[in-house]
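All remarks here apply to the structure that follows.
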Amino acid sequence: MTAITRTGCASPAQAVARDTSSDETLIGRIAGGDQPAMRTLFARHRVPIYRWLLRIVHDETLAEDLLSDVFLDVWRKAAAFEGRSSVSTWLLAIARHKALSARRGRSDAELDARIATTLVDPADDPEAALQKKNRSELLRNSLAELSPEHGEVIDLVYYHGKSVKEVADIVGIGEATVKTRMFYARRKLADLVAAA
């Protein structure tokens with residue numbers, strides 16, 4: 001039995017938990033200023049969007065700030081959603097744009113990937129080498145060595161379950177380019193895993 005507040009209605013948290021509306025329906029309600037719909041959409045998508053942002057910016061605090069910015073944009077621009085893609089694809093595209101903008105604007109820019117590969121890792125002692133044999137650890141390390149373009153495509157396809165078309169929409173490239181990047185990313189991953 002659902003707990004009812006003194007006013008005779010379910011609490012806002014319970015209303016969010018029960019809302020089974022489609023994402024598209026929620027966007028329509030958000031466009032009309034429906035705050036419970038916004039809370040429901042946020043509850044559904046906050047974790048995958050946060051993880052996506054964190055993968056791009058590599059900074060938990062920045063990823064949290066960007067997550068708030070993404071959903072603030074959704075609140076402001078819900079009426080502009082045209083439904084040409086799924087809501088989750090639209091959210092990931094907004095998040096990607098914000099993350100790349102934030103990354104460009106950071107004063108403490110990360111090392112160029114070319115320079116980073118020439119640095120010696122002091123942690124590669126025999127104990128660390130044994131730990132790297134763990135398959136998931138090995139794969140995670142190999143994924144981190146992919147170029148940002150290749151890592152982004154692999155992340156969207158395998159961890160977010162997006163189709164080639166959805167990835168093309170999110171990243172803003174052609175479907176053929178997505179397929180090419182996936183091909184080279186998988187080849188590079190296989191080489192990295194075999195070398196480890």
Side-chain angles (χ1 to χ4, degrees), residues 21-35 37-114 116 140 143-186 188:
S21 301
S22 71
D23 287 345
E24 289 75 13
T25 301
L26 291 173
I27 290 294
R29 288 172 41 199
I30 291 166
D34 186 336
Q35 291 180 1
M38 184 67 196
R39 285 191 291 270
T40 300
L41 189 73
F42 179 77
R44 282 184 191 170
H45 294 282
R46 70 176 177 202
V47 172
I49 299 295
Y50 171 77
R51 288 180 181 157
W52 171 242
L53 289 164
L54 186 59
R55 184 179 187 312
I56 296 171
V57 299
H58 306 289
D59 180 323
E60 291 177 3
T61 304
L62 180 57
E64 288 172 10
D65 291 344
L66 292 172
L67 180 67
S68 296
D69 288 348
V70 167
F71 283 95
L72 183 60
D73 268 12
V74 169
W75 179 254
R76 290 178 180 160
K77 300 176 182 176
F81 179 70
E82 297 175 358
R84 288 184 287 172
S85 62
S86 70
V87 172
S88 64
T89 299
W90 184 57
L91 293 172
L92 286 166
I94 294 169
R96 179 181 185 270
H97 174 74
K98 291 198 172 292
L100 293 178
S101 295
R103 201 168 69 178
R104 275 192 297 272
R106 285 175 60 180
S107 60
D108 60 334
E110 296 175 8
L111 288 175
D112 180 88
R114 191 172 21 97
R140 201 170 24 254
L143 282 170
E145 291 187 41
L146 292 177
S147 70
E149 293 81 13
H150 290 155
E152 179 176 59
V153 169
I154 292 292
D155 191 1
L156 285 168
V157 170
Y158 292 105
Y159 293 105
H160 290 278
K162 296 297 175 188
S163 69
V164 170
K165 181 180 181 348
E166 290 172 318
V167 172
D169 290 344
I170 292 168
V171 179
I173 58 177
E175 291 180 39
T177 305
V178 172
K179 291 176 185 176
T180 301
R181 287 184 184 177
M182 283 177 50
F183 173 79
Y184 286 110
R186 285 190 293 236
K188 178 72 174 172

Check the angle between the aromatic planes of Phe71 and Phe42 and answer parallel, tilted or perpendicular using the 30° and 60° thresholds. perpendicular

Would you indicate whether the side-chain heavy atoms of Met38 and Asp34 approach each other to under 4.5 Å? no

Out of Ile49, Val70, Val171, which residue meets the side-chain contact (heavy atoms from CB on, under 4.5 Å) rule with Leu92? Ile49

Give a yes or no on this: more than 12 heavy atoms of other residues, nucleotides or ligands lie within 6.0 Å of atom CZ of Phe81. yes

Quick check: closest heavy atoms across Ala168 and Gly174, and the distance to 0.1 Å? CB-C, 4.0 Å

Do Ile170 and Leu156 come within less than 4.5 Å of each other through their side chains, counting heavy atoms only? yes

Between Ile56 and Ala99 the two heavy atoms that sit nearest each other are CG2-CB, 3.6 Å

For a 4.5 angstrom cut-off between non-hydrogen side-chain atoms, does Arg181 reach Ile173? yes

Below 4.5 Å, heavy atoms only, C-beta onward: do Tyr158 and Leu143 meet side chain to side chain? no

Run Thr89 and Lys165 through side-chain hydrogen bond (donor to acceptor under 3.5 Å, both in side chains) and show every step you take. CA-CA 10 Å; Thr89 299; Lys165 181 180 181 348; over 6 Å; no

Heavy atoms of other groups near Glu60 CD, more than 12 under 6.0 Å: no

Heavy-atom pair of closest approach, residues Leu53 and Leu67: CD1-N, 3.5 Å

Determine the minimum heavy-atom distance between Val167 and Val153, stating which atoms define it. CG1-CG2, 4.3 Å

Does some side-chain heavy atom of Tyr184 sit less than 4.5 Å from a side-chain heavy atom of Glu149? no

Report yes if the side chains of Lys162 and Ser88 come closer than 4.5 Å at any heavy-atom pair, otherwise no. yes

side-chain contact (heavy atoms from CB on, under 4.5 Å) for Ile27 and Trp90? Distances and angles first, verdict last. CA-CA 11 Å; Ile27 290 294; Trp90 184 57; 3.7 Å; yes

In the structure I gave you, are the side-chain heavy atoms of His160 and Glu166 within less than 4.5 Å of one another anywhere? no

Which pair of non-hydrogen atoms, one from Ser21 and one from Arg29, has the smallest distance, and what is that distance? OG-NH1, 3.1 Å

Please report the C-alpha distance between His45 and Asp23 in whole Å, then the side-chain angles of each, then the deciding distance to 0.1 Å, and finally whether the side-chain contact (heavy atoms from CB on, under 4.5 Å) criterion is met. CA-CA 10 Å; His45 294 282; Asp23 287 345; 2.8 Å; yes

Would Arg84 and Asp169 pass as an ion pair if we require N to O under 4.0 Å? no

With a 6.0 Å cut-off (strictly less than), is the heavy-atom count around NE2 of His97, excluding the residue itself, greater than 12? no

Looking only at heavy atoms, what is the nearest atom pair of Ala78 and Ala31, with distance? CB-N, 3.6 Å

To the nearest 0.5 Å, atom CZ of Arg186 lies from atom CD1 of Ile154 at 6.0 Å

Let's go through Asp155 and Arg55 carefully: what are the C-alpha distance in whole Å and the side-chain angles of both, what is the deciding distance for salt bridge (charged side-chain N to carboxylate O under 4.0 Å, His left out) to 0.1 Å, and is it a yes or a no? CA-CA 9 Å; Asp155 191 1; Arg55 184 179 187 312; 3.2 Å; yes

Any non-hydrogen side-chain atom of Asp73 less than 4.5 Å from a side-chain atom of Asp69? no

